[in-house]
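What follows is a single structure, written as structure tokens, with notes after it.
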Amino acid sequence: MSALLQLRNVEKRFGGLLAVKDFNLDVEPGEIVGLIGPNGAGKTTLFSCIAGYHRITKGSIVLDGHEIGNRPAFEVCRAGVARTFQVVKPFARMTVLQSAMVGAFLHHRDAASARRVALEVLGRLHMEHLAHVEARSLTLVLKKRLEVARALATQPRLLLLDEVMAGLSPGEVPELLDVIRSINAGGVTVLFVEHIMAAVMTIAQRVVVLHGGELLADGTPAEVSRDPRVVAAYLGEEYAAGA
Amino acid sequence: MRAVKYLLLVLAIVAAAVGPLVTSNSFVRDLWVLVAMWGAVATAWNLIGGYAGGLSLGHAAFFGIGAYTSSLFYLDLHLSPWLGALAGGVVAMLSALVIGFITIRLRGPFFALATLAFAAILGIAATNLTALTHGAEGMTIPFAPGLGHAIFASKLDYYYVALALLLAYVALTWWISVSRFGYYLVAIRENEDAAQALGIDAVRVKLAATLLSAFMTALVGSFYAQYRLFFEPSIFATDISVQIALFAIIGGMGTVWGPLLGAAILVPVTGELQSWLGSSLPGIDAFVYGAILVLAILFVPNGFVSLLRPLFAAKHPPAATQQAAEAEAKT
Amino acid sequence: MLEVRGLAAGYGENAVLFDVSFDVPEGSLTVIVGANAAGKTTTCRAISGEIETRGGTIRFGGEQIEREPSNRRVERGLVQIPEGRRLFPFMTVEENLLLGSYAHRARAARQEALDEVFTLLPRVAERRRQLAGSLSGGEQSMVAIGRGLMARPRLLVMDEPTLGLAPIFVERTFEIVAEIRKHGVTVLLVEQNVKRALSLCDRAYVLEHGQVVMQGAGEQLLGDEGLRRAYLGM
Amino acid sequence: MTFQLFVQLLAAGVLLGGVYALISIGLTLIFGVMRIVNFAHGEFLMVGMYLSYYLVTAAHMNPYLALIVVAPGLYLFGLLVEMTVIKPTVGQSDVVQVFATVGLSIVLQAAALMAFSANVMGLNLPITNALLHLGWLTIGVPQVLAFVAAMLVAAALFAFLGRTDVGRAIRATAQDRSAAALMGIDVPAIYRLTFALGTAMTGLAGALLMPIYSVSPDVGTQFVLVAFVVVVLGGMGSVSGALVGGLLIGIVETFSGFVIDPQWKAAIYFIIFLIVLVVRPAGLFGIRGSEETAS
């Protein structure tokens with residue numbers, strides 16, 4: 001069984017700055033993989049490279065046998081990768097249903113079937129009752145969830161979630177975690193970036209740690225959180241040495 | 001609710017059909033023609049400006065191309081303006097392809113400036129390519145009524161031609177607004193990055209809308225030529241482009257009926273003003289236009305349609321909306 | 001000198017701070033630590049008036065200031081060195097410093113302040129004619145500190161001054177912080193570098209998910225297992 | 001082309017370019033600081049020209065002394081416009097920003113038409129027709145005076161922006177408005193000041209043009225497009241870019257007017273304009289990324 005997503009020797013350089021260095025990663029079908037790292041580790045950059053928003057300077061990104069590195073974002077999406085944005089990008093003046101339909105139109109040309117698919121996805125995210133509310137009037141929690149719904153409506157094989165928890169109050173996190181679990185149970189592979197560690201540790205089957213643009217650790221949540229190099233990256237060298 | 005909506009629609013169409021018959025006053029009939037005509041152009045502009053979010057200040061270019069192309073074919077090659085209009089539409093699409101490639105990646109004000117410059121270049125060309133366009137002297141089409149010439153003795157006939165165009169455009173806009181293409185345009189307008197992330201090829205979709213809008217605008221330009229039977233290079237002027245955009249903005253951009261509503265309000269108001277005061281106080285009409293524009297953009301940025309919307313709005317439970325409104329009020 | 005009570009703030013509908021309370025006594029070095037996205041920068045921005053507060057009070061020198069615009073707070077001597085330095089890249093180092101003393105309270109003593117900054121930060125003096133944008137990250141952070149000092153602060157809020165710096169500059173930054181304090185300036189330091197910051201400060205607060213979850217003397221917090229949880233979730 | 005002709009054209013081009021630069025500096029300054037593209041810019045020029053015209057014809061002032069009245073007059077006018085029309089649009093969508101100033105431009109033009117009629121009016125004084133002979137080189141005195149005054153004003157602006165606290169505050173606000181606020185700068189006040197200053201400079205340009213060109217309500221439209229071309233060429237927001245861009249466009253205009261039909265000269269600008277927008281949208285001196293970032 002080969003990996004759904006394969007990153008090989010991926011490098012991203014901005015002028016003189018090497019944001020991602022010789023990065024390798026395999027994501028198997030059906031996994032939930034968390035990508036963590038301190039500020040400036042290159043997580044969002046890596047996401048943007050996979051999703052086609054940044055060009056990579058070296059290496060290859062393969063989805064299910066097809067090269068998607070350096071393809072424009074819309075082609076990456078058509079290949080089966082859907083993403084959310086760290087800073088939500090709602091279609092402000094569209095309703096929730098309409099927003100989801102934009103995603104659904106990718107595989108369903110006529111409005112009736114796009115609507116059907118969109119409603120089905122909204123149902124899975126417990127948002128049907130909001131179908132006719134304008135996206136701009138949603139609360140942030142719901143906007144984040146709408147991002148997921150929109151992406152899901154494109155019927156992706158791989159879902160990239162970029163800090164969907166950020167900005168949620170502590171009480172709102174578990175609800176979204178359940179949603180992500182159920183999406184994964186529905187057969188969608190999930191790769192996510194997250195800062196809220198408690199969330200990462202409960203949901204991820206595997207955690208990949210990025211530090212200074214390089215792979216620092218890769219393992220189960222428990223393994224990773226005990227890894228002295230990870231502790232050092234988060235709290236400072238001396239802390240790890242002293243603790 | 002739905003029934004009321006359709007009833008209103010039927011009433012509006014009937015009113016539009018018989019309205020000009022009520023009067024025989026030529027000035028009033030002219031207003032009806034102008035409302036239909038500018039309503040149609042503004043509806044065409046709305047595809048780019050309202051749905052796709054590209055603030056074109058150069059639609060006079062397509063309007064003028066339509067007028068010049070059909071007139072040149074008619075005068076020099078005796079081609080019926082009905083066909084000439086189609087030719088004008090094709091020429092406008094070709095020019096839209098060129099300007100589209102230049103401007104499609106520009107944002108907001110820069111897109112507006114580039115389209116403005118494009119129309120200005122055409123205006124200069126029309127003034128100076130005298131052999132082709134008769135330069136500043138303008139194009140005069142001899143009055144020779146006949147269906148094949150698309151020249152009519154009665155304003156009523158012109159009115160029904162314009163009304164047909166207008167209804168076709170409004171219907172097309174409605175159809176687009178509920179189809180994939182329309183959803184994609186709005187998605188791109190609202191957030192291009194997010195649209196790309198959902199598999200939308202934004203450049204292609206925007207270009208398609210530009211071509212369609214250019215074609216539609218050019219057809220009305222040909223109509224204008226046959227209606228007025230005279231026009232000059234000033235047809236490319238920025239004022240015309242601004243006016244086109246203005247109708248759509250005042251009425252309500254990105255809505256099916258907004259541009260028509262804008263034209264229906266502004267054309268008679270300024271027409272009347274001009275006829276009352278135009279000779280004693282030239283500029284009063286433009287002054288009112290400008291003042292309405294500034295006030296509307298600051299106080300009714302979503303257009304007059306947004307004021308009517310509560311009358312038609314379906315009743316959805318506004319629970320989430322209310323919450324958000326409160327949050328917004330706080331910020 | 002600074003008393004924050006029940007502070008709530010955010011961006012749009014994005015609530016970041018829920019209930020943040022802490023004190024910065026006059027003459028102290030107080031530290032706020034916390035993981036990414038815990039709300040540290042938002043706290044700084046609320047204190048300086050860059051964003052509006054949603055609830056709670058901020059008192060500075062006994063007076064309530066949470067409704068005042070930024071420029072008034074600067075006039076009171078509440079000065080912030082923002083996250084990411086935020087120098088004016090197309091201006092020279094010297095111009096950046098002069099802008100630091102734009103506030104009326106600082107203008108009178110401008111030349112004196114400039115001399116002090118150059119003495120404290122000789123590297124900055126060497127670079128005074130260069131464009132700020134052309135400096136290395138470490139040098140930029142020195143300029144940012146200098147620019148903050150030019151405002152003659154009573155309280156200097158430093159938001160992650162070591163972020164992204166090479167170890168040698170991190171070390172230098174902490175030395176400078178200690179130096180500033182010796183000059184009688186009260187400092188509120190927000191840091192990711194937990195160990196170093198906690199060993200230096202009088203009192204520290206740990207922020208997690210927009211709330212203060214721990215507080216105490218720096219050394220005391222250092223040994224606490226809860227701190228690691230706040231960062232790594234388990 | 002003979003050497004003499006070349007020099008003659010170059011001189012004329014540079015002189016014209018100086019005035020173009022002055023017309024454009026206000027536009028670019030306002031954009032640089034406030035990120036507002038002012039479509040009513042040409043009408044500010046027109047207001048300056050009318051004010052100068054009436055000061056000369058009705059109040060019998062010397063056209064160059066009139067500058068002393070025009071500059072503060074337009075400054076106040078700019079303040080008024082900023083407080084009524086511009087301020088509410090700061091931070092709003094593109095539609096609002098573009099069409100608020102487009103509407104303002106229509107209003108001002110129509111107001112001028114109502115107040116002064118469509119007549120084209122020019123000054124006819126000894127000084128407006130005076131010529132300066134430098135050997136075989138002949139140039140108009142008003143052109144020279146306009147150029148010299150434009151350069152003086154530009155130099156004064158540079159000194160103001162570079163050497164005063166307020167000038168530095170203006171530049172700081174342009175580069176990073178929230179960091180500027182942390183310096184204790186009152187950003188809304190800087191916006192007001194910048195807009196009024198930009199308007200005053202444009203009015204000055206109008207007054208300097210008055211002895212050379214004639215004024216009519218639509219005169220702004222002739223010059224506004226030149227200003228946009230200059231500003232885009234020099235880089236939106238760059239004052240020195242506007243200076244260089246103005247000189248370049250002045251030279252291009254005189255030479256192209258000689259080589260090809262002068263009627264086409266405006267088309268040349270626009271083509272340059274479109275090429276710059278496509279090839280180098282930041283312009284020759286434009287600063288990319290000086291906009292405020294989201295975080």
Side-chain angles (χ1 to χ4, degrees), chain C residues 11-12 14 37 41-42 44-45 47-51 68-92 94-108 110 131-133 143-144 147-148 150-153 156-159 163, chain D residues 28-29 31-33 87 90-93 158-194 234-242 282-295:
Chain C
Y11 309 90
N14 186 354
T41 293
T42 307
C44 293
R45 299 179 77 170
I47 294 171
S48 68
E50 257 189 288
I51 56 170
E68 281 188 0
S70 296
N71 55 315
R72 295 276 297 282
R73 302 188 201 191
V74 176
E75 291 291 354
R76 290 180 180 276
L78 173 50
V79 175
Q80 188 187 161
I81 301 170
E83 184 191 24
R85 341 290 178 227
R86 305 289 283 277
L87 297 182
F88 302 107
F90 307 103
M91 292 178 146
T92 65
E94 186 162 352
E95 285 179 312
N96 269 278
L97 294 176
L98 292 176
L99 275 162
S101 59
Y102 182 83
H104 294 288
R105 73 188 300 271
R107 263 188 229 185
R110 173 175 280 178
L131 286 187
V143 177
R147 191 178 64 176
M150 289 294 293
R152 305 253 108 177
L156 188 63
V157 180
M158 303 174 83
D159 188 2
L163 187 67
Chain D
T28 207
L29 186 68
F31 178 82
V33 176
K87 192 162 190 244
V90 170
Q92 298 264 30
S93 70
F158 273 111
F160 170 68
L161 290 178
R163 292 174 193 279
T164 66
D165 276 313
V166 177
R168 273 192 293 270
I170 290 177
R171 285 192 294 144
T173 306
Q175 288 175 32
D176 186 335
R177 82 172 80 152
S178 50
L182 290 179
M183 302 298 109
I185 294 167
D186 182 351
V187 172
I190 292 291
Y191 279 1
R192 241 179 351 258
L193 170 70
T194 305
M236 288 296 280
S238 163
V239 174
S240 46
L284 299 178
F285 298 84
I287 295 158
R288 283 171 211 249
S290 65
E291 290 96 329
E292 193 182 20
T293 50
S295 63

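Here is how names work: the chains are called A, B, and so on, in the same order as the sequence lines, proteins then strands, and each is numbered from 1.
Here the straight-line distance linking atom CG of C:Leu98 with atom OG1 of D:Thr164 works out to 11.0 Å at 0.5 Å rounding. In this structure, CG in D:Leu182 is found 7.5 Å from CZ in C:Arg86, a value given to the nearest 0.5 Å. For the atom pair CE (D:Met183) and CG (C:Asn96), the distance works out to 8.0 Å, reported to the nearest 0.5 Å.
Heavy atoms closer than 4.5 Å to chain D are found in the side chain of C:Arg147, but not in its backbone. At a 4.5 Å heavy-atom cutoff, the contact between C:Arg107 and chain D is made by side-chain atoms alone. For C:Arg76, no part lies under 4.5 angstrom from a heavy atom of chain D. Contacts of C:Glu95 with chain D are made by both backbone and side-chain atoms, with heavy-atom separations under 4.5 Å.
Of all heavy-atom pairs between C:Tyr102 and D:Asp165, the closest is CE1-O, 3.6 Å. Between C:Met91 and D:Arg168, the closest heavy-atom pair is CE-O, 3.3 Å. Here the closest heavy-atom approach between residue D:Ala181 and residue C:Ser70 is recorded as O-CB, 3.6 Å. In terms of heavy atoms, D:Gly184 sits closest to C:Asn71 at O-CB, 3.1 Å.
Using a 4.0 Å cut-off between charged nitrogen and carboxylate oxygen, D:Asp176 and C:Arg85 do not count as a salt-bridge pair.
Contact annotation: the side chain of D:Ile185 approaches that of C:Leu99 to within less than 4.5 Å [non-hydrogen atoms, C-beta and beyond].
Around the CZ atom of C:Arg72, the shell of radius 6.0 Å holds no more than 12 heavy atoms that belong to other residues, nucleotides or ligands.
Contacts with chain D were tallied for C:Ala151, C:Pro89, C:Ala103; C:Pro89 has the most, counting heavy-atom pairs under 4.5 Å.
A donor and an acceptor atom, one from each side chain of D:Ser178 and C:Arg45, are nowhere located under 3.5 Å apart.
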